Amino acid sequence: MIESTPINEIKGIGDKTAKLFASLGIERVGDLVRYFPSSYDIYEEPVPISEVEEGTVAAITGHVAGNIRLSRGRKLAVTSLKLKDLTGTLDVVWFQLPYVKTMMSKSSAYILRGRITRRGGILTMEQPEIFESIEKYQQKCGQLWPLYKTTKGLGNNGIAKAIRTALTELNFKEDYLSSELRASYDLLTFKEAVRAIHFPVDKEDYIKARKRLVFDEFLSFIISLRALSEDKQEWQNHFSPEDTQASEKLVKSLPYSLTKAQEKVIREIMKDMNSHRPMARLVQGDVGSGKTVVALYALLACVGSGYQGAMMAPTEVLANQHAEGIKKMLLAAGLNYSVELLTGSLTAKEKREAYQRIASGEAQIIVGTHALIQNKVEYQNLALVVTDEQHRFGVKQRETFASKGDVPHILVMSATPIPRTLAIILYGDLEISVIDELPANRLPIKNCVVGTGYRPSAYKFMEEQVKAGRQCYVICPMVEESENLEAENVIDYSESLQEHLGDAAKVAFLHGKMKQTEKEEIMEAFAKGQTDILVSTTVIEVGIDVPNATVILIENAERFGLAQLHQLRGRVGRGDYQSYCIFMTGSKAKATKERLEILNESNDGFKIANEDLRLRGPGDLFGIRQSGLMNFKLGDVFQDSMLLQQAAEAAGEVTFHQGDNGTVVRTL
Ligand code: ADP
Ligand code: MG
């Protein structure tokens with residue numbers, strides 16, 4: 001088999017299963033082996049019952065004390081027992097697995113491994129796996145079991161099995177990193193790395209595999225960046241927006257005055273757009289620093305000078321919010337420009353009509369998602385593209401636009417506080433502006449880091465805020481394994497929160513599995529104040545602006561990267577009210593506390609990013625969610641900053657050769 005072999009040629013994959021794989025974006029054997037685990041399950045040494053912690057997965061050696069009970073409700077069969085060791089007794093339950101009762105016997109010893117939760121105030125192990133002897137458990141101990149994002153009808157085992165088969169049958173191409181390059185950066189071959197990322201024999205093995213694959217990701221990113229900056233030299237600027245009357249009208253209509261930093265960045269942008277090359281500028285500014293109005297200033301300068309301007313957001317919710325926000329601001333400024341919303345969820349007819357208005361120039365400011373750069377979209381005279389939190393797109397899309405005609409100016413907006421050393425690598429072809437000042441009316445957010453025991457008080461606090469007319473967010477614990485589980489989790493959580501609060505607050509929820517229109521309705525209702533508390537996954541992470549929201553409670557804060565937590569926190573403190581961020585953690589580990597303390601002490605994104613970098617060693621690869629900020633598949637610009645620097649160094653030293661099986665990268 002080769003990489004382009006369709007996956008239904010793998011033994012055991014029929015057309016039906018192939019369709020399920022296709023829904024995960026896997027059509028060929030090459031896609032399959034590149035479908036990396038989203039995390040791993042590790043079977044650790046058993047612990048004493050007295051040491052188990054809520055929210056963790058633990059293995060316990062003990063014997064069954066008392067009877068094994070099976071109760072059958074109308075819908076639910078619950079098997080339960082008490083497991084005892086020298087240090088204590090633990091409640092254990094299984095749902096919908098009535099046969100467990102027949103598998104286990106009273107007074108016998110077992111090793112049970114499962115998640116520890118709190119049920120009715122009592123620590124309980126749920127749905128554990130059963131091992132009859134320590135030997136059986138030891139066989140699994142220390143190994144990493146891959147966990148993949150699954151889809152309905154295609155479980156983790158099915159995916160793992162298909163990958164295992166593919167790995168034995170696939171005839172790998174010659175490695176595209178030459179052996180001398182691999183040697184100088186101590187990298188596995190691609191083949192070894194792919195094997196080990198799926199089925200690492202131990203942690204070491206995993207770390208090595210990941211290193212190679214992250215290196216590849218960074219290297220190809222940097223190489224494509226460099227290729228782009230070479231092209232750029234030839235581009236001429238065909239759009240000089242000199243007329244800023246409309247922009248100034250906007251500024252006059254604002255209920256506040258711009259900060260010095262905003263004004264400075266606006267000047268930089270205007271200068272760029274009127275120079276002889278198209279602009280390529282990144283505006284970095286912490287959450288809440290007011291990037292939107294800066295972008296709108298630039299857009300209005302273009303539109304006011306007779307051109308079109310576009311703004312691209314990472315999600316439809318955000319695109320929608322930007323479109324609505326822009327319309328409102330134009331209205332307030334008495335400006336009569338047409339705003340077009342273009343997203344994937346428009347009907348075919350609506351899209352066609354939007355395309356027409358864009359092509360004719362009737363649409364002046366076009367706001368949307370990636371749908372903005374589909375081939376079908378022809379612009380009349382697009383002078384500026386603003387992207388919000390879309391770093392790589394800001395770079396990539398220039399190619400697309402360049403191939404279609406004149407190259408527009410590109411403005412990339414980012415709240416990602418990337419340290420300067422990394423920014424120079426990652427944004428090699430962009431000029432960088434920084435909005436290093438928050439609007440003066442802002443009260444700093446008050447933070448606290450608390451254990452789960454504080455939850456009732458946190459709820460009480462939110463209730464009081466709601467009573468005072470404010471709104472709150474709750475970020476739910478994550479479920480890595482699948483989006484479906486994550487969705488269920490959010491629903492369960494919000495139901496029990498609603499129950500807890502009764503009539504005191506109206507709870508709504510939001511998750512990634514919802515239809516776009518549904519998400520928008522929920523966000524809209526929250527923005528309008530029709531709901532009080534929004535329980536959500538991290539889908540609300542970027543950009544959402546509801547100034548009336550004053551509390552964000554983040555469950556399982558220990559599982560997020562600091563940069564991401566800082567982003568989440570940025571959802572509050574956007575208005576005139578004192579705001580609060582509650583980091584709740586299920587872990588008592590010292591390192592966790594130390595990390596979260598950084599956030600507790602600082603509201604400064606740049607400082608946080610630097611500290612995060614300092615605290616995280618190369619061994620810290622598990623459990624913490626990738627910052628997800630640059631959309632690398634495995635790599636994390638903070639965590640892997642060393643590798644990023646190495647890849648940048650390597651990129652400066654490589655040449656490309658035509659090998660037997662494709663391009664090979666060698667050192668000079
Ligand atoms: P971000 O940089 O995170 O995208 P936004 O552009 O969404 O921030 O701005 C956050 C909030 O601050 C918005 O409600 C906006 O109206 C307000 N804002 C922007 N600039 C100023 C300013 N100079 N003074 C006061 N409020 C401002
Ligand atoms: Mg923003």
Side-chain angles (χ1 to χ4, degrees), residues 247-248 250-267 269 281-300 311-333 367 369 386-391 393-394 411-418 432-445 470-471 473 523 526-529 539-550 552 563-577 579 581 603-606 608 629:
S247 306
E248 290 301 330
L250 166 80
V251 173
K252 284 210 190 76
S253 73
L254 294 172
Y256 46 80
S257 48
L258 295 178
T259 61
K260 288 229 157 49
Q262 282 170 318
E263 281 175 355
K264 177 195 71 187
V265 173
I266 284 172
R267 275 198 304 277
I269 292 168
R281 185 168 285 277
L282 169 80
V283 175
Q284 262 191 339
D286 212 342
V287 282
S289 60
K291 295 183 291 294
T292 314
V293 67
V294 169
L296 189 53
Y297 188 104
L299 285 168
L300 284 178
M311 176 140 172
M312 192 162 93
T315 64
E316 296 206 3
V317 174
L318 268 182
N320 216 8
Q321 199 185 15
H322 277 313
E324 289 306 313
I326 290 173
K327 279 184 202 161
K328 270 186 211 139
M329 287 164 93
L330 292 183
L331 195 66
V367 182
T369 51
V386 178
T387 69
D388 196 16
E389 298 297 346
Q390 297 267 292
H391 316 80
F393 255 91
L411 189 60
V412 181
M413 318 293 279
S414 167
T416 311
I418 294 199
I432 302 177
S433 291
V434 183
I435 305 185
D436 49 6
E437 181 188 1
L438 290 180
N441 62 347
R442 293 289 152 70
L443 292 166
I445 297 167
R470 305 284 82 76
Q471 289 165 284
Y473 296 102
M523 270 319 304
F526 187 70
K528 283 188 181 147
V539 294
I540 63 140
E541 178 180 343
V542 272
I544 293 295
D545 185 30
V546 181
N548 190 46
T550 53
I552 184 162
Q564 197 180 12
L565 288 172
H566 180 65
Q567 280 289 323
L568 287 168
R569 173 167 65 184
R571 296 313 106 220
V572 298
R574 303 174 77 83
D576 300 334
Y577 309 104
S579 291
C581 179
N603 281 322
D604 177 344
F606 282 84
I608 289 164
L629 292 165

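Numbering of ligands and ligand atoms starts at 1, following listing order. Please read these numbers as outputs of a predicted model, since none were measured by experiment. One-based numbering along the sequence shown.
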Undergrad: Is there a side-chain contact between V386 and K291 in this structure, where contact means two heavy atoms from C-beta onward sitting under 4.5 Å apart?
TA: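 V386 does not reach K291 side chain to side chain.
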
Undergrad: Starting at CE of M311, measure out to CE of M413 and round the result to the nearest 0.5 Å.
TA: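 The distance works out to 6.5 Å.
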
Undergrad: Find the distance between OG (S433) and CZ (R267) and round it off to the nearest 0.5 Å.
TA: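 Between atom OG of S433 and atom CZ of R267 there are 11.0 Å.
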
Undergrad: Out of T292, L254, V293, who is nearest to atom 4 (O) of ligand 1 when you count heavy atoms only?
TA: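 Of the listed residues, T292 has the closest heavy atom.
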
Undergrad: Enter the distance from I266:CD1 to L296:CG here, rounded to the nearest 0.5 Å.
TA: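 It is 9.5 Å, given to the nearest 0.5 Å.
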
Undergrad: Looking at V265, V412, I269, I432, which one forms a side-chain contact (heavy atoms from CB on, under 4.5 Å) with R281?
TA: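 One option only clears the test, and that one is I269.
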
Undergrad: So if I count the atoms of ligand 1 from 1 in the order they appear, which ones are less than 4.0 Å from some heavy atom of G288?
TA: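 Counting from 1, the qualifying ligand atoms are 1 (P), 2 (O), 3 (O), 8 (O).
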
Undergrad: Under a 4.0 angstrom heavy-atom cut-off, which atoms of ligand 1 come close to P439?
TA: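 Near P439, meaning under 4.0 Å from one of its heavy atoms, ligand 1 has 21 (C), 22 (C), 24 (N), 25 (C), 26 (N), 27 (C).
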
Undergrad: Report, in ascending order of atom number, the atoms of ligand 1 lying under 4.0 Å from any heavy atom of T259.
TA: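 Near T259, meaning under 4.0 Å from one of its heavy atoms, ligand 1 has 23 (N).
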
Undergrad: Would you kindly specify which portion of L258 sits under 4.0 Å from ligand 1, judged on non-hydrogen atoms: side chain, backbone, both or neither?
TA: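 Contact part for L258 vs ligand 1: backbone (N, CA, C, O).
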
Undergrad: With rounding to the nearest 0.5 Å, note down the distance linking CG in L318 to CG in N320.
TA: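 Atom-to-atom, L318:CG and N320:CG are 9.5 Å apart.
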
Undergrad: Which atoms of ligand 1 have any heavy atom of S257 under 4.0 Å away?
TA: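 Heavy-atom distances to S257 below 4.0 Å select 22 (C), 23 (N), 24 (N).
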
Undergrad: Tell me which part of Q262 gets within contact of ligand 1: side chain, backbone, both or neither, using heavy atoms under 4.0 Å.
TA: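 Just the side chain.
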
Undergrad: Could you grab the distance from atom CG of L443 to atom CG of D576, nearest 0.5 Å is fine?
TA: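 Between L443 CG and D576 CG, I get 8.0 Å after rounding to 0.5 Å.
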
Undergrad: Counting heavy atoms only, name the option from G575, P547, G290, A295 that's nearest to atom 9 (O) of ligand 1.
TA: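 That would be G290.
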
Undergrad: Hey, does S289 sit under 4.0 Å from ligand 1 if you only count heavy atoms?
TA: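 Yes.
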
Undergrad: Would you indicate which of E437, R574, H322 comes nearest to atom 7 (O) of ligand 1 when only heavy atoms are counted?
TA: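 It is R574 that holds the nearest heavy atom.
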
Undergrad: Rounded at 0.5 Å granularity, tell me how far CD in E324 sits from CE in M523.
TA: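 Between E324 CD and M523 CE, I get 12.5 Å after rounding to 0.5 Å.
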
Undergrad: Please work out whether any backbone atom (N, CA, C, O) or any side-chain heavy atom from C-beta onward of A440 is under 4.0 Å from ligand 1, and answer side chain, backbone, both or neither.
TA: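 For A440, there is no contact with ligand 1 at all, from either part.
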
